[in-house]
Protein chains: 2
Amino acid sequence: MATLKDIAEHAKVSILTAYYALSETQPVEPAIQSQVRAAAAAIGYKLNVTLRDVAALANVSVATVSYVLNNSAPVSQQTSRRVMDAVTVLGYRPNVTAKNLKTSKTRMIGYAWHPAYPEGYFNALLNHFIYAVTMSAEACGYRILTFVEATDNRSAAYEELIYTNHVDGFILSNTNSDDARIRRLMEMRFPFAAFGRANDSWSFPYVDVDGRAGIRLATEHLLSQGHERIAILGWPEGSLTGDERLHGYIDAMTAAHINLRSAWIVRTLNSVRLAYQETEKLIKQSEDERPTAIVALTDLMAIGVMRAIEDAGLRIGHDIAVTGFDDDPMATFIRPSLTTLRQPIDALAGQMIDMLMTWINEETQPSDRHFMFIPELIVRESSQTALHSS
Amino acid sequence: MATLKDIAEHAKVSILTAYYALSETQPVEPAIQSQVRAAAAAIGYKLNVTLRDVAALANVSVATVSYVLNNSAPVSQQTSRRVMDAVTVLGYRPNVTAKNLKTSKTRMIGYAWHPAYPEGYFNALLNHFIYAVTMSAEACGYRILTFVEATDNRSAAYEELIYTNHVDGFILSNTNSDDARIRRLMEMRFPFAAFGRANDSWSFPYVDVDGRAGIRLATEHLLSQGHERIAILGWPEGSLTGDERLHGYIDAMTAAHINLRSAWIVRTLNSVRLAYQETEKLIKQSEDERPTAIVALTDLMAIGVMRAIEDAGLRIGHDIAVTGFDDDPMATFIRPSLTTLRQPIDALAGQMIDMLMTWINEETQPSDRHFMFIPELIVRESSQTALHSS
DNA sequence: GTGAAAGCGCTAACAT
DNA sequence: ATGTTAGCGCTTTCAC
């Protein structure tokens, strides 16, 4: 491809004039304008400002321009100025694709959307999370490439992205024990940071919210309100996050010397509907037999719990207290408002990008790579009203 | 950089053996293995399978490999087979960066997260939308690059992405009249497709949900329930979407020959809190003076409306009916469940990607470029109960 | 039907 | 301090 300089010479004008004529950023005499356009047409040139154009205008070599732009070699003050002026005047932007090819970097970070869940699953938290991650990444000059994880082979899309040189690293969420994606990425020694833990024996950068401490906080809060007959709606065994959170309940109950009742430790999926059904079963006993408080593992489940309580003609908070987890924005707005645990999403996203940057740039995992955040208990109406009687 | 062939020759083994020794995908005699490794180390070679390696193994030129892989020129059956075998055996994946540089394409589509709103704004719909867009795009071999829009200069990030060759096109949402992003992209003739309209005089590919028809549906539903004193919570003037939706209310009321009351056409921001406050004002009059139904422009606002009604000691649906817009997943689960309008997100995302692909590939806007979807009225409890008295 | 070769726009030795 | 130049891995004309 020809350069601006070629056009300029062909049309017998200055580089700058050629640029103005082609870009229309500055008015140029009509005669000159058409002359330049003719020259461009003759050569089949389409305006596209590159390093070489900048170099030509600044009267330096392309290397110098590169040095100035990347600060990768000492350049004299005045040369530097000339280069920067040329850059400004021509509105030059580096072609990142070329740069990436040369440096074998992409300045892209992959993040997978998890397959949509059934039953209108939604998670405002992940929305907030990916937004926070994007912000942090952009502050470091990285961009986020989002993709969809296959349900059957969760690591396939990751490998594909790596092999085709699409990304420099990944951000993972929804981790679990024996997480196939984490196992594969570790084998490949490919940089990533996870929101959530996996196997204790695996060492990789992660941040996590201490669900055990969180649920313990919630349970203790209920205990301090005078509740003793507290049930919990957990997830099926095998979920790391679920088991951790459940443990927080056991911690608190044990510390309060209250015997656990297996019938009150319910395990079901993270769904409003299932939480509703399980709650129905829990509360259909007489007043002095049923629980006076229910700890739900998520706000989503808490909503099912609350509906079941109301549909049974009982009052939330009054007859049965409820707590959730996530501080979904709607937790404030539903009636009664929901006591829940808030996760410090912004801080944790920032920490993840920090660690990922270290791994990418130093080519070795950051030494401090395990960060645990304690969620904050937000007390609202669903657990507030003094205990009725008992 | 050296190629696999260089290593093979240096170590005096076949290309395949060199590959196996370096990749460890197949066992190789230890002696050979270290021999190959020594050769690689001597040259400073790091395994990275490229077109040239495939070509060398298949005994053809790189051009032929490219032809086979892209189907860009006729290749004989057997050559094609040899190439494909070599590709398989070496686990070759094309380097997209190189391909992009050569073709000036990136197979990336940009999508901006809108700045976080105050007051715990959340929108499950956009979450679903971007998921659907990602799926459709991947089906066409494109990926999504997400970024954050600046609040002060909404089009800046778009231009930056274009100038630096990051993307081939954009998906926009949250459009408005005089949308700066749309204006700029049209000036630049850069491919995009929008979820939402802008100025009628601008012609660009968009899909939209007919909010006017939707709100009309909701209002007619209320009218058919016997309501006549219907208020609406709209957005401030100047929002295209807001004004369209408001018009649907006016359409229905006018058709029913009911006089509009300006005090019942409220304009406020899309916020639970503000909707709450405006509702308080609306309903503090006596029973025969206040509205018996309130149309909210979004589910978010409807939640504020519902809380205000309950806090005033009134019953939703019974004393005052409520409708929303969006069919946010929570609309099913709140109590009472919310009558609302559902947008066909998957269909509309697919249509957008379709149009964008056409623009990118044909280098001209698709001829059919305006798609309007009618939202579906989902009747639930908040508007169901027969009107009390009046 | 296949191959040689010229770049895409950039970076970074290596010279000077 | 600045310039020359050889590629990064690929596509694609143009020969044969």
Side-chain angles (χ1 to χ4, degrees), chain A residues 1-6 43-56 58-83 86-87 90 92-107 163-166 168, chain B residues 1-6 43-56 58-83 86-87 90 92-107 163-166 168:
Chain A
M1 184 75 89
T3 66
L4 252 186
K5 190 176 179 184
D6 298 336
I43 304 184
Y45 175 85
K46 188 173 164 298
L47 183 60
N48 178 22
V49 180
T50 74
L51 257 197
R52 291 168 62 184
D53 298 321
V54 176
N59 251 305
V60 297
S61 72
V62 289
T64 303
V65 179
S66 177
Y67 296 147
V68 172
L69 260 32
N70 300 305
N71 218 328
S72 47
V75 174
S76 78
Q77 278 279 323
Q78 58 162 326
T79 308
S80 177
R81 262 221 76 68
R82 277 219 313 287
V83 170
V87 164
L90 297 177
Y92 168 76
R93 294 306 160 91
N95 178 321
V96 284
T97 307
K99 180 172 188 154
N100 292 345
L101 175 57
K102 191 65 198 170
T103 58
S104 302
K105 291 248 168 289
T106 65
R107 296 206 150 246
Y163 287 135
T164 55
N165 283 283
H166 262 101
D168 293 342
Chain B
M1 182 73 89
T3 67
L4 251 187
K5 191 177 180 183
D6 298 334
I43 304 184
Y45 175 85
K46 189 172 163 301
L47 183 61
N48 178 23
V49 181
T50 73
L51 256 197
R52 292 168 61 184
D53 297 321
V54 175
N59 250 305
V60 297
S61 73
V62 290
T64 304
V65 178
S66 177
Y67 296 149
V68 172
L69 260 31
N70 300 305
N71 219 328
S72 48
V75 174
S76 79
Q77 277 281 323
Q78 56 164 324
T79 307
S80 177
R81 260 221 77 68
R82 277 217 316 285
V83 170
V87 164
L90 297 178
Y92 168 75
R93 294 306 161 89
N95 179 320
V96 285
T97 308
K99 183 173 187 154
N100 292 344
L101 175 58
K102 196 63 201 168
T103 59
S104 303
K105 291 244 166 293
T106 65
R107 296 205 148 247
Y163 287 135
T164 55
N165 282 283
H166 266 295
D168 293 342

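Bear in mind the structure is a predicted one, so any value in this text is a computation, not a measurement.
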- Item | Rounded distance (nearest 0.5 Å) linking atom CG of A/Asn100 with atom OG1 of B/Thr106 | 11.0 Å
- With a non-hydrogen cut-off below 4.0 angstrom, is B/Thr97 in contact with a base, only sugar-phosphate, or nothing? nothing
When you compare the protein's N or O atoms with those of nucleotides 12-16 of chain C, which come within less than 3.5 Å of each other, and at what distance?
unit_1 : atom_1 : unit_2  : atom_2 : d
C/dA13 : N6     : A/Tyr67 : OH     : 2.7

- Nearest-Å distance, CG (A/Leu101) to P (D/dC8)? 9 Å
- Look up atom CG in B/Asn48 and atom OH in B/Tyr92, then write down how far apart they are to the nearest 0.5 Å. 9.5 Å
- Task: Rounded to the nearest angstrom, tell me the gap between atom CZ in A/Arg82 and atom C1' in D/dT2.
- Result: 11 Å
- Roughly, in whole Å, what's the span from OH in B/Tyr45 to P in D/dC8? 11 Å
- Query: Pick the nucleotide of DNA chain C nearest each of B/Asn59 and B/Ser104; which residue has the one closer to the 5' end?
  - Reply: B/Asn59
- Distance (rounded to the nearest 0.5 Å) between B/Leu51 CG and B/Thr3 OG1: 12.5 Å
- Message: Looking at A/Ala58, is its backbone amide N or carbonyl O close enough to the side chain of A/Arg82 to form a donor-acceptor pair, meaning the two atoms are under 3.5 Å apart?
- Response: yes
- Note on the structure: Between CG of B/Leu51 and C1' of C/dG3 the distance, given in whole Å, is 14 Å
- What pair of heavy atoms forms the shortest contact from A/Ala2 to A/Tyr45, and how long is it? O-CE1, 3.2 Å
- Query: Between C/dG9 and A/Asn48, is there an OP1 or OP2 to side-chain N/O distance shorter than 4.0 Å?
  - Reply: yes
- End axis versus end axis in the helix from C/dG1-D/dC16 to C/dT16-D/dA1, the angle rounded to 10°, five pairs used at each terminus: 40°
- State whether A/Thr64 places a side-chain N or O below 4.0 Å from either non-bridging phosphate oxygen (OP1 or OP2) of D/dG3. yes
- Item | Minimum-distance nucleotide (side-chain atoms of B/Lys99 versus C/dT2, C/dG3, D/dC10) | D/dC10
- Item | Interatomic distance where CG belongs to A/Leu69 and C1' belongs to C/dT11 [whole Å] | 12 Å
- Query: Donor-acceptor pair, B/Ser66 side chain versus B/Val62 backbone, under 3.5 Å?
  - Reply: no
- Task: Could you check whether A/Val96 gets within reach of a base, just the sugar-phosphate, or nothing at all, counting any heavy atom under 4.0 Å?
- Result: nothing
- Have a look at A/Asn165 and say if it touches a base, only the backbone sugar-phosphate, or nothing, with a 4.0 Å heavy-atom cut-off. nothing
- Note on the structure: When rounded to the nearest 0.5 Å, the distance separating CG of B/Asn165 from NZ of B/Lys105 is 10.0 Å
- Query: Atom CD of A/Gln77 and atom C1' of D/dA1: how far apart are they, to the nearest Å?
  - Reply: 13 Å
- Let me know which of A/Thr64, A/Val75, A/Leu69 forms a side chain to side chain contact (heavy atoms under 4.5 Å, CB included) with A/Ser80. A/Val75
- Atom pair CG/NE2 of A/Asn95 and B/His166 - distance to nearest 0.5 Å: 9.5 Å
- Message: Whether B/Thr50 contacts D/dG9 is assessed here as follows: a side-chain N or O lying under 4.0 Å from the phosphate OP1 or OP2. Is that the case?
- Response: no
- Message: Output the rounded distance in Å from CG (A/Asp53) to C1' (C/dC8).
- Response: 14 Å
- Task: Send over the distance from A/Arg52 CZ to C/dC10 P, rounded to a whole Å.
- Result: 10 Å
- Note on the structure: Only one of B/Asp53, B/Thr50, B/Val54 passes side chain to side chain contact (heavy atoms under 4.5 Å, CB included) with B/Leu4, and that residue is B/Asp53
